[in-house]
2 protein chains.
Amino acid sequence: MVTIKQVSEKAGVSSATVSRVINNTGTVKEKTRELVMSAMAELGYRHNVVAASLASNKTHTIGYVVPELHGSFFGAMMGGTEQALRQAKKHMLIATGHSDADIEKEQIDALLSRRCDALILHVEAVSDDYLVNLVQQGVELVVVNRYIEEIGDNCISLDNIKGGYLASRHLLDIGHTKIAYLAGSLFKADGKNRLTGHQQALRDMGVEYTDNLTYEGNFQAKSGTEGIRALVARGARFTAVACANDEMASGAMIALRELGRRVPEDVSVIGFDNVDFASYLSPGLTTIDYPVQKIGTMAAHWVLERVYGHTRHEYQHILSPRLILRGTTSSPEQ
Amino acid sequence: MVTIKQVSEKAGVSSATVSRVINNTGTVKEKTRELVMSAMAELGYRHNVVAASLASNKTHTIGYVVPELHGSFFGAMMGGTEQALRQAKKHMLIATGHSDADIEKEQIDALLSRRCDALILHVEAVSDDYLVNLVQQGVELVVVNRYIEEIGDNCISLDNIKGGYLASRHLLDIGHTKIAYLAGSLFKADGKNRLTGHQQALRDMGVEYTDNLTYEGNFQAKSGTEGIRALVARGARFTAVACANDEMASGAMIALRELGRRVPEDVSVIGFDNVDFASYLSPGLTTIDYPVQKIGTMAAHWVLERVYGHTRHEYQHILSPRLILRGTTSSPEQ
DNA sequence: GACCTAATTGTAAGCGCTTTCATTTTTTAT
DNA sequence: ATAAAAAATGAAAGCGCTTACAATTAGGTC
């Protein structure tokens with residue numbers, strides 16, 4: 001590998017000057033710059049970012065922890081981040097936490113050992129305190145899809161309550177009053193918040209909420225199918241069903257079809273997340289859009305602005321979901 | 001940040017010894033190790049991987065170039081890689097090439113500047129020669145989902161011909177003879193190979209191939225819809241349609257439904273890739289499984305074996321697709 | 001042309017670690 | 001107990017770059 005030293009000799013300047021042209025720092029005469037440039041070209045010089053990082057104490061690398069890599073959710077999010085970071089010549093070091101506190105910690109640790117300039121974390125198992133602590137230690141990090149009050153400034157998340165509200169409000173607006181709710185895992189904040197939104201919508205429209213119409217699933221398609229069966233088994237009557245996410249909605253549709261109930265003629269269904277396959281279902285699934293890519297972008301902007309001091313990179317902390325109308329909802333028949 | 005030097009002083013040993021316990025290299029007496037360990041714990045030492053990389057000329061980092069991050073394909077692939085690499089304590093630096101030769105080159109360059117120990121590349125725009133050249137320059141790289149003869153050893157890919165064969169062979173086996181084919185972009189190797197497989201299956205079973213039953217799309221759902229319409233418009237008669245991928249199959253199903261043709265009673269449909277939503281369609285899409293996660297794993301094994309000299313990491317160069325039976329195919333009615 | 005200021009370059013000290021080689025200590029064999 | 005061999009440790013030279021700071025050169029001004 002050819003070094004800066006060799007380039008400097010070939011160009012007849014000092015290595016400091018070569019460093020200056022590489023980084024475009026300090027001042028260097030145009031003629032000198034050209035000299036150096038051609039020396040680099042001739043020798044086939046390749047900058048050694050590792051050495052530069054050690055010397056400058058900046059790696060231009062962002063550590064990224066997500067639970068898993070498969071599925072389309074995290075790809076979309078990281079895609080949003082990557083797009084923004086690429087233009088700033090930053091790179092992403094990726095690690096998976098598998099929703100396990102020990103692994104999550106281990107990965108965060110590894111990323112810090114690699115001296116990432118900042119971390120973007122979608123972690124699920126680690127405690128709030130642990131993250132608060134990191135921030136207090138001066139670690140530059142942004143938590144995505146999770147809100148922690150003490151470090152609200154470091155969080156970027158979706159307003160799940162609003163999303164839950166929007167979904168049920170839509171059903172109410174088109175005339176439904178008997179609305180079942182297939183909840184996600186309620187020990188998770190988003191599962192709980194979406195249900196809260198549902199309840200608020202009911203209250204706002206003067207419809208009484210009843211546990212009898214609610215079923216707690218686990219965000220998986222199968223639990224949607226089971227939810228419908230359970231509801232029907234307990235004799236619940238409903239003309240619409242709001243679901244904690246699209247997978248469960250898809251599962252619910254399968255169960256409804258089994259029961260001979262048409263969607264949307266007999267029962268309206270609304271999902272949440274607007275995942276890729278929502279539009280491939282038939283009829284297309286009406287749902288709530290989770291602006292996941294935008295969250296990724298916001299995280300990138302946070303980092304660019306706060307860690308690298310780039311201005312003009314705006315970001316918000318709480319993003320708003322919105323209703324996506326497709327074919328699974330319609331007014332109830334009289 | 002506390003350094004190895006400070007630890008060594010606290011422990012009353014040399015920094016070389018501290019380095020040895022950190023890396024578990026050389027020999028160090030058990031008692032000394034404990035001394036060093038507790039010194040590290042007390043001082044809250046965090047290894048500086050950047051400095052270590054510079055000194056050792058190893059970064060334990062694999063550069064990964066994919067076209068895009070969104071969608072579920074690359075997430076699944078990277079997930080396979082990550083799982084294998086995590087156990088070996090390697091990390092992945094991710095970059096996107098956007099199917100643009102200049103960007104792809106730029107990203108490869110950036111990853112090399114960061115002194116990645118190896119690269120895993122899913123690149124689409126860069127030429128074969130360019131990649132062959134890199135290999136000849138001594139760059140450790142594995143090309144995924146693409147086969148280049150000169151560097152076949154560095155390639156891990158799917159047998160697309162076999163996949164195309166399997167799909168059409170299945171339709172033939174259950175009695176179809178009038179099989180339409182909705183091809184992907186034929187300037188892409190996989191689009192072409194899948195079609196070739198289709199043709200081979202027909203030939204093997206003594207059915208004549210005709211261009212009249214083939215339509216060239218572009219792997220997008222919409223082109224599947226258009227393909228069916230075009231075929232019907234030109235008066236083609238078929239009882240089954242094989243598609244270059246699941247998106248196109250999904251588009252085809254929409255068009256068939258519009259035309260009042262039931263799937264699979266009137267027309268059988270088979271896709272390719274077995275993407276996430278294939279099982280959410282109704283009926284579930286019969287398709288060819290693309291073992292994308294396994295390809296990611298194989299790439300990791302290649303790297304582990306060839307670059308890091310870990311043994312016991314086997315890998316193959318050409319992976320086999322297999323048929324996934326769901327609900328969109330059945331024997332033609334008499 | 002002398003003098004002041006600004007622009008340009010060079011010198012050299014690290015950044016925090018690994019690793020070779022030499023040295024010291026411990027163990028084993030006789 | 002003693003020599004030889006093995007194990008454990010230390011000294012120090014980098015790895016390739018950045019970045020004060022000092023030194024030099026260039027550009028203006030009167």
Side-chain angles (χ1 to χ4, degrees), chain A residues 1-37 39-40 43-61 89 91 109-117 308, chain B residues 1-37 39-40 43-61 89 91 109-117 308:
Chain A
M1 286 277 98
V2 12
T3 71
I4 229 181
K5 187 88 186 306
Q6 300 170 43
V7 172
S8 75
E9 279 161 9
K10 174 133 202 160
V13 299
S14 75
S15 62
T17 298
V18 176
S19 173
R20 287 189 189 99
V21 351
I22 291 172
N23 297 295
N24 216 349
T25 55
T27 64
V28 22
K29 215 193 293 184
E30 185 52 29
K31 224 170 109 188
T32 315
R33 172 187 313 281
E34 280 162 15
L35 220 58
V36 171
M37 296 285 241
M40 293 200 296
L43 296 172
Y45 173 75
R46 168 163 281 145
H47 192 48
N48 186 327
V49 175
V50 173
S53 295
L54 177 59
S56 68
N57 202 28
K58 282 237 159 297
T59 56
H60 302 283
T61 301
K89 307 249 184 220
H91 276 253
D109 224 61
L111 294 175
L112 290 175
S113 283
R114 281 163 186 261
R115 295 299 188 268
C116 290
D117 293 335
Y308 295 112
Chain B
M1 283 276 100
V2 12
T3 70
I4 226 179
K5 186 90 186 309
Q6 298 171 42
V7 173
S8 76
E9 280 161 8
K10 175 133 201 160
V13 298
S14 75
S15 62
T17 298
V18 176
S19 172
R20 288 189 189 99
V21 350
I22 291 172
N23 297 294
N24 214 351
T25 56
T27 62
V28 20
K29 212 193 294 184
E30 185 51 31
K31 223 171 110 189
T32 315
R33 172 187 312 283
E34 282 163 13
L35 220 56
V36 171
M37 295 286 242
M40 294 200 295
L43 295 173
Y45 173 75
R46 168 164 282 147
H47 192 47
N48 186 326
V49 175
V50 173
S53 295
L54 177 60
S56 67
N57 202 29
K58 281 236 160 297
T59 55
H60 302 284
T61 300
K89 306 249 185 221
H91 276 253
D109 224 62
L111 294 175
L112 290 174
S113 283
R114 281 162 187 263
R115 295 299 188 268
C116 290
D117 294 335
Y308 295 112

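Sequence lines set the chain letters: A, B, ... in the order given, protein chains first and strands last, and positions in each chain run from 1.
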| query | Is A:Glu34 salt-bridged to A:Lys31, cutoff N-O under 4.0 Å? | reply | no

| said: Using a 4.0 Å heavy-atom cut-off, does B:Ser53 contact any base of the nucleic acid, only the sugar-phosphate backbone, or nothing at all? | reply: nothing

| said: Considering every strand and a 4.0 Å limit on heavy-atom distances, what is the contact class for A:Val13: base, sugar-phosphate, or nothing? | reply: sugar-phosphate

| note | The nucleotide from C:dG14, C:dT18, C:dT11 with an atom nearest the side chain of A:Ala55 is C:dG14

| When rounded to the nearest 0.5 angstrom, what is the spacing between CG in B:Asn57 and CG in A:Asn48? | 8.0 Å

| said: Can you confirm whether B:Asn23 is buried at CG, in the sense that more than 12 heavy atoms of other residues, nucleotides or ligands lie under 6.0 Å from that atom? | reply: yes

| query | What integer distance in Å separates A:Lys5:NZ from D:dC15:C1'? | reply | 13 Å

| Between C1' of C:dA7 and NZ of A:Lys31, the distance in whole Å | 16 Å

| said: Of the listed nucleotides (D:dC17, C:dG16, D:dC21), which one gets closest to any side-chain atom of A:Asn48? | reply: D:dC17

| query | Where the side chain of B:Leu54 is defined as all heavy atoms beyond and including C-beta, which of C:dG16, C:dT8, C:dA12 is the nearest nucleotide? | reply | C:dG16

| note | On DNA chain D, more 5' by nearest nucleotide between A:Val18 and A:Lys29 is A:Val18

| So what does B:Val49 hit on the nucleic acid, given a heavy-atom distance under 4.0 Å: a base, only sugar-phosphate, or nothing? | nothing

| field | Whole-Å gap separating P (D:dT18) and NZ (A:Lys58) | value | 14 Å

| query | Is the phosphate of C:dT18, meaning OP1 or OP2, less than 4.0 Å from a side-chain N or O of B:Ser19? | reply | yes

| field | Pairwise 5' ranking along DNA chain D for B:Gly12 and B:Ser56, keeping only the more 5' one | value | B:Gly12

| said: From the set D:dC21, C:dT8, D:dG16, return the single nucleotide nearest to any side-chain atom of A:Arg20. | reply: D:dC21

| query | To the nearest angstrom, how far is B:Arg115 atom CZ from D:dG16 atom C1'? | reply | 9 Å

| request: Look at B:Asn23 and C:dT18 and indicate whether a side-chain polar atom (N or O) is within less than 4.0 Å of OP1 or OP2. | output: yes

| query | Rounded to whole angstrom units, what separation is found between the NE2 atom of B:His47 and the P atom of C:dC15? | reply | 17 Å

| Pair A:Arg114, B:Thr61: side-chain N/O donor-acceptor within cut-off below 3.5 Å | yes

| Spacing between B:Asn57 atom CG and D:dC15 atom C1', to the nearest angstrom | 8 Å

| request: Using a 4.0 Å heavy-atom cut-off across all strands, classify A:Ala16 as base, sugar-phosphate, or nothing. | output: base

| field | Phosphate OP1/OP2 of C:dT9: any A:Thr32 side-chain N/O under 4.0 Å | value | yes

| Looking at A:Leu35, A:Thr3, A:Val28, A:Val13, which hits side-chain contact (heavy atoms from CB on, under 4.5 Å) with A:Val18? | A:Val13

| request: Determine: side-chain N/O of B:Thr27 to OP1/OP2 of D:dA7, distance under 4.0 Å, yes or no. | output: no

| field | Any A:Ser14 side-chain nitrogen or oxygen under 4.0 Å from OP1 or OP2 of C:dT9 | value | no

| query | Of A:Glu30 and B:Ser15, whose closest DNA chain C nucleotide lies nearer the 5' terminus? | reply | A:Glu30

| said: Please determine whether a side-chain nitrogen or oxygen atom of B:Thr3 lies at a distance below 4.0 Å from atom OP1 or OP2 of C:dG16. | reply: no

| said: More than 12 heavy atoms of other residues, nucleotides or ligands under 6.0 Å from CG of B:Asp109: yes or no? | reply: yes

| When the distance from CD1 of B:Ile22 to C1' of C:dC17 is rounded to whole Å, what number comes out? | 8 Å

| task | In whole angstrom, give the distance that lies between atom CZ of A:Arg114 and atom C1' of C:dG16. | result | 16 Å

